[in-house]
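Right, one structure below, let's go through it.
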Protein chains: 2
Amino acid sequence: LIKLEAIRKTYVMGDTEVHALAGVTLEIAHGEFVAIMGSSGSGKSTLMNIVGCLDRPTSGRYWLAGDEISRMSVNELAEIRNSQIGFVFQNFNLLARTTALENVELPLVYAGVSAKERHRRAAQALEKVGLGTRTDHTPSQLSGGQQQRVAIARALVSAPKLILADEPTGALDSKTSVEVMALLQELWKAGITVVLVTHEPDVAEFAARVIVVRDGLVKEDRRQTPK
Amino acid sequence: LIKLEAIRKTYVMGDTEVHALAGVTLEIAHGEFVAIMGSSGSGKSTLMNIVGCLDRPTSGRYWLAGDEISRMSVNELAEIRNSQIGFVFQNFNLLARTTALENVELPLVYAGVSAKERHRRAAQALEKVGLGTRTDHTPSQLSGGQQQRVAIARALVSAPKLILADEPTGALDSKTSVEVMALLQELWKAGITVVLVTHEPDVAEFAARVIVVRDGLVKEDRRQTPK
Ligand SMILES: Nc1ncnc2c1ncn2[C@@H]1O[C@H](COP(=O)(O)OP(=O)(O)OP(=O)(O)O)[C@@H](O)[C@H]1O
Ligand SMILES: Nc1ncnc2c1ncn2[C@@H]1O[C@H](COP(=O)(O)OP(=O)(O)OP(=O)(O)O)[C@@H](O)[C@H]1O
Ligand SMILES: [Mg+2]
Ligand SMILES: [Mg+2]
């Protein structure tokens with residue numbers, strides 16, 4: 001499903017270069033559950049943004065479901081993102097002036113789903129992450145962990161084939177984290193591919209494969225029995 | 001140092017009321033190291049915002065270093081915040097268009113410190129959190145955990161008497177978290193009062209007292225031997 005070849009991402013700052021990704025080559029098959037770990041600044045979010053078609057590499061090639069992404073236009077990329085990928089951003093990226101329900105409905109608006117059906121599915125997604133009583137709150141009227149859960153509900157509501165989650169439990173207490181991980185595991189068993197970034201070993205245990213990133217390179221790539 | 005009496009914070013949403021804090025009474029003495037824990041949405045950030053003079057309670061009284069905060073004007077509160085408290089926000093609250101160095105200098109600008117001295121102290125604070133090579137990056141050019149560390153450096157740079165940190169290691173890997181906690185512990189041993197919100201038991205172990213919040217109330221309050 002995901003094939004990266006010699007992917008580099010370099011930022012030029014004045015006369016220095018920051019090698020956010022320094023040559024990553026890896027493949028992730030349909031139906032895998034992968035955890036990406038690594039220290040702060042090692043390149044995890046940069047990698048996720050390239051896989052999620054939100055950013056282009058400086059060099060190297062990327063195929064998603066057989067299509068070479070580097071050859072696509074901005075519109076084609078947006079189409080792929082909206083129809084195939086559910087993304088939980090590290091900083092949530094919620095719309096500030098709309099309610100939790102409206103934020104979660106957004107992918108369904110893109111998909112042309114009717115208003116009645118959108119409300120029903122968004123309310124159900126919020127219920128699944130324990131926010132049934134917060135549907136009409138705007139992001140500033142929600143706690144940090146509640147905002148994160150709205151971002152998670154939004155990523156799941158359109159039943160995407162691929163879920164990319166950047167630290168989806170970062171703002172959650174252990175009990176709520178376990179509920180979210182159980183939900184992701186349920187989706188995985190139903191056939192969805194899940195790639196998540198986490199710095200918590202307890203969360204990584206739910207995955208079947210762990211990739212460790214350091215200084216923009218893949219340092220470890222191992223299989224494990226998921227929890 | 002901190003004395004809260006029957007503190008309530010109620011939000012009115014249409015015809016429902018959200019009791020973010022439902023009557024909190026507690027005292028924290030000078031020089032304590034307290035960890036506040038509790039599930040997502042339990043009221044921790046609301047409590048921190050009231051203690052940090054960023055928000056007023058709906059009812060109840062709050063004394064900081066003997067002064068009753070409820071009687072102060074907006075200007076007096078701003079003065080106390082800038083001169084006595086270092087705050088690490090759950091969502092960092094960095095200025096988007098200024099560099100890491102300038103963000104960290106901000107409390108020193110308020111304190112009227114000379115430009116040369118500000119640069120020196122801000123650079124030193126960034127060094128302490130491992131960001132010596134990122135001083136000229138703006139927040140969007142930093143990883144999530146790097147942004148969090150800029151927020152931490154900013155809270156420490158003016159050597160405040162009270163540090164309030166809302167989930168200061170939420171975006172950090174274990175190794176970086178331990179470095180940040182060691183730094184906070186060092187400041188504590190030098191006499192600074194530290195109150196931090198965390199959902200990670202490993203982080204709470206550095207504190208000498210743990211307060212557990214649930215549904216806007218204090219459910220547990222226990223002493224422990226810090227790590
Ligand atoms: N402006 C607001 N209007 C309405 N409700 C609010 C508002 N701000 C917070 N709340 C509610 O108050 C409760 C407590 O919020 P708070 O941010 O203190 O939680 P928290 O313990 O910090 O959670 P987390 O661990 O997720 O950060 C939450 O249920 C939240 O929905
Ligand atoms: N726009 C940019 N310009 C310059 N450098 C950048 C930019 N974006 C990211 N970087 C740098 O690239 C490196 C990798 O960033 P990335 O966000 O991928 O890290 P990360 O592994 O997600 O870290 P964290 O765990 O802290 O979220 C960091 O050192 C960061 O400073
Ligand atoms: Mg990141
Ligand atoms: Mg909070």
Side-chain angles (χ1 to χ4, degrees), chain A residues 11-14 16 18 20 37-49 89-92 94 99 129-131 133-149 166-167 169-180 197-202 204 212-214, chain B residues 11-14 16 18 20 37-49 89-92 94 99 129-131 133-149 166-167 169-180 197-202 204 212-214:
Chain A
Y11 294 105
V12 178
M13 311 270 308
T16 45
V18 175
M37 305 187 78
S39 57
S40 176
S42 56
K44 309 180 294 298
S45 294
T46 307
L47 180 60
M48 291 289 268
N49 289 340
F89 297 88
Q90 188 167 8
N91 61 355
F92 318 156
L94 299 178
T99 65
V129 294
L131 290 179
T133 59
R134 291 282 182 273
T135 54
D136 57 346
H137 286 231
T138 59
S140 65
Q141 295 171 329
L142 292 170
S143 75
Q146 290 169 342
Q147 291 171 26
Q148 185 160 47
R149 284 182 276 159
D166 198 340
E167 312 247 15
T169 62
L172 304 177
D173 55 284
S174 336
K175 176 160 171 295
T176 316
S177 294
V178 167
E179 289 167 14
V180 163
V197 167
T198 184
H199 59 253
E200 298 189 38
D202 292 355
V212 181
V213 178
R214 194 162 74 234
Chain B
Y11 294 104
V12 178
M13 311 270 306
T16 46
V18 175
M37 305 188 78
S39 57
S40 175
S42 56
K44 308 178 296 296
S45 296
T46 306
L47 181 60
M48 291 290 268
N49 290 340
F89 296 89
Q90 189 167 9
N91 60 353
F92 319 155
L94 299 177
T99 64
V129 293
L131 291 178
T133 58
R134 292 281 182 275
T135 54
D136 56 346
H137 287 231
T138 58
S140 66
Q141 295 170 327
L142 293 170
S143 77
Q146 289 168 343
Q147 291 170 25
Q148 185 160 47
R149 285 182 275 158
D166 198 341
E167 311 247 16
T169 62
L172 304 176
D173 53 284
S174 337
K175 176 160 169 294
T176 316
S177 293
V178 169
E179 290 167 13
V180 163
V197 168
T198 183
H199 59 253
E200 298 187 41
D202 292 356
V212 179
V213 179
R214 193 162 75 233

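Labels below follow one simple rule: chain letters A, B, ... track the order of the sequence lines, proteins then strands, and each chain is numbered from 1. Every heavy atom of this structure was used, including side-chain atoms; hydrogens, water molecules and symmetry mates were not.
At a heavy-atom separation below 4.5 angstrom, chain B is approached by S143(A), G144(A), G145(A), Q146(A), R149(A) within residues 142-149 of chain A.
The side-chain contact (heavy atoms from CB on, under 4.5 Å) with S40(B) is formed by just one residue from the set V129(A), T169(A), T176(A); it is T176(A).
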Item to complete: Before giving the answer on side chain to side chain contact (heavy atoms under 4.5 Å, CB included), spell out for V18(B) and R134(A) the whole-Å C-alpha distance, their side-chain angles and the decisive distance to 0.1 Å.
Response: CA-CA 10 Å; V18(B) 175; R134(A) 291 282 182 273; 3.7 Å; yes
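In terms of non-hydrogen atom pairs under 4.5 Å with chain A, the most contact-rich of M37(B), H137(B), K44(B) is H137(B).
Listed by chain and residue number, S140(A), Q141(A) satisfy the side-chain contact (heavy atoms from CB on, under 4.5 Å) test with T138(A) (two or more places apart in sequence, or in another chain).
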